Amino acid sequence: PMLLRPALPVAVSSTLPLFSHLAAVRRRCSIAATGMAGVSAASPAAAQIGSFLSKKPYAPPSWASHLALAPSHTFSLGHFPTPIHQWNLPNLPEGTEVWIKRDDLSGMQLSGNKVRKLEFLLSDAVAQGADCVITVGGIQSNHCRATAVAAKYLNLDCYLILRTSKLLVDQDPGLVGNLLVERLLGAHIDLVSKEEYGKIGSVALADLLKKRLLEEGRKPYVIPVGGSNSLGTWGYIEAVRELEQQIQLSGDVQFDDIVVACGSGGTIAGLALGSKLSSLKAKVHAFSVCDDPEYFYDYVQGLIDGLQSGLDSHDIVSIQNAKGLGYAMNTAEELKFVKDIATATGIVLDPVYSGKGAYAMLKDMADNPSKWKGRKVLFVHTGGLLGLYDKVDQMSSLAGSWRRMDLEESVPRKDGTGKMF
């Protein structure tokens with residue numbers, strides 16, 4: 001039987017030995033139940049030698065079995081289930097609890113929310129006989145980096161179309177953040193300016209590169225921006241099953257609300273659809289970091305129509321604007337918020353997605369405390385740590401202090417432990 005490792009919701013102050021003991025007890029107690037639950041992508045990829053990066057059959061949750069485009073297989077690319085713990089944020093409304101689901105811990109090179117979508121998208125690519133994948137994003141796209149890693153794991157070449165400013169489009173893009181990983185992996189990078197991207201669009205750009213690769217005899221598979229199409233939506237439908245299982249194993253936590261940042265729409269489509277159809281029934285709040293809420297209501301509608309859900313996007317998700325100065329652009333106040341939250345709680349948010357999402361959530365809680373009072377809220381951390389490296393110049397004045405160690409001349413040298421040279 002496939003065993004699930006429950007990521008038990010525990011307070012930040014809990015100790016790891018206690019956590020491990022409880023997890024082990026509950027794991028043993030749940031063997032019979034999970035063994036009969038059918039094949040789930042939430043089964044831990046690391047539990048069995050050789051299972052990570054393997055292809056396996058996929059069966060949808062029973063509450064999603066009526067949806068169209070149900071995948072038949074998935075690749076095991078992420079480390080799931082991701083843990084959930086209480087997040088001791090300051091200045092919450094009376095009786096409000098915020099918990100955090102750590103999808104930033106779904107891997108290292110291959111991390112964040114994109115992993116869940118890529119498990120299904122790359123399974124489809126391999127099934128179609130592709131020898132390379134194409135995707136599109138911003139110059140520090142987490143999705144493009146995750147796609148490059150996952151493709152290389154599966155022996156596929158990766159072509160990335162990255163959007164940058166017209167001042168930089170003819171220059172070497174450097175090795176900062178996500179670009180370092182992509183270029184180490186040998187991903188093929190094509191740069192376009194924001195103006196060219198706006199005029200031509202991501203779909204036509206990917207089609208142009210696909211046409212050229214086909215002419216070279218290659219077999220390209222196109223993955224849309226953010227992995228957000230109807231097939232990619234299954235990544236977070238499956239994440240809802242994982243969350244259901246974690247709640248069932250824990251028994252004492254129910255969430256009233258789920259909050260997540262939104263940049264391309266696939267994550268919120270899967271979460272909202274899954275929450276509506278499953279036993280979860282939590283209200284899903286999305287904070288958009290680009291475009292505007294109406295764009296995302298329409299885009300999510302297209303995704304869930306593709307799955308023939310028969311639902312209205314306005315009925316399953318609440319979308320609010322959190323883009324501030326614009327996509328991947330930050331105010332000093334937003335960056336200070338990221339620093340303050342890291343210092344206060346140990347959770348490092350990325351500046352492009354979860355940082356803006358959490359900032360907007362806390363602002364909404366301050367502006368509308370009655371809306372959140374007494375509720376249990378689950379914030380989904382979607383990853384993106386590498387994007388912080390692109391903000392070091394802006395954050396240098398916020399960083400923690402340092403000093404040269406003051407050494408007394410009389411301190412004697414001690415040989416032995418710790419001697420490095």
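Note that this is a predicted model, so its numbers are computed, not measured. Computed over heavy atoms, backbone and side chain alike; hydrogens, waters and symmetry mates excluded.
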Centroid-centroid under 6.0 Å between H73 and F120 rings | no

Would you please say whether a donor-acceptor pair under 3.5 Å links the side chains of T135 and H143?
-> yes

Quick one: are the ring centres of H285 and W372 less than 6.0 Å apart?
-> yes

Keeping to residues at least two apart or across chains, list the ring pair (Phe, Tyr, Trp, His ring centres under 6.0 Å) pairs with something in residues 175-234.
-> Y159-H188

Do the side-chain N and O atoms of K117 and S228 include a donor-acceptor pair separated by under 3.5 angstrom?
-> yes

What are the two closest heavy atoms between L231 and P71, and how far apart are they?
-> CD1-CG, 3.9 Å

Please tell me if the side chains of Y236 and I268 come closer than 4.5 Å, counting only heavy atoms from C-beta onward.
-> no

Classify the angle between the aromatic ring planes of F337 and Y359 as parallel (below 30°), tilted (30 to 60°) or perpendicular (above 60°).
-> perpendicular

Ionic contact status for D367 with K363, cut-off 4.0 Å = yes

Run the salt-bridge test on D256 and K283 with the 4.0 Å N-O cut-off and return the result as yes or no.
-> no

Charged N to carboxylate O below 4.0 Å: is that the case for K211 and E215?
-> yes

Aromatic centroids of F379 and W99 separated by under 6.0 Å | no

Pair T267-N113, side-chain donor/acceptor within less than 3.5 Å = yes

Using residues 125-134 as the side-chain source, report each donor-acceptor pair under 3.5 Å to any protein atom, sequence neighbours left out, with the distance given to one decimal.
| from | atom 1 | to | atom 2 | distance (Å) |
| --- | --- | --- | --- | --- |
| Q128 | NE2 | D124 | OD1 | 3.4 |
| Q128 | NE2 | D124 | OD2 | 3.1 |
| D131 | OD1 | K219 | N | 2.9 |
| D131 | OD2 | R218 | NE | 3.2 |
| D131 | OD2 | K219 | N | 3.4 |

Does a donor on one side chain and an acceptor on the other come within less than 3.5 Å for Y58 and E238?
-> yes

Anything under 30° is parallel, anything over 60° is perpendicular, the rest tilted; go ahead and classify F52 against Y153.
-> perpendicular

Inspect the contact between R116 and E242 and indicate whether a charged nitrogen and a carboxylate oxygen are less than 4.0 angstrom apart.
-> yes

Go through the side-chain N and O atoms of S76 and E119 and say whether any donor and acceptor fall under 3.5 Å apart.
-> no

salt_bridge(D292, K323) N-O dist < 4.0 Å = no

Heavy atoms of I161 and L205 approach each other most closely as CD1-O, 3.6 Å

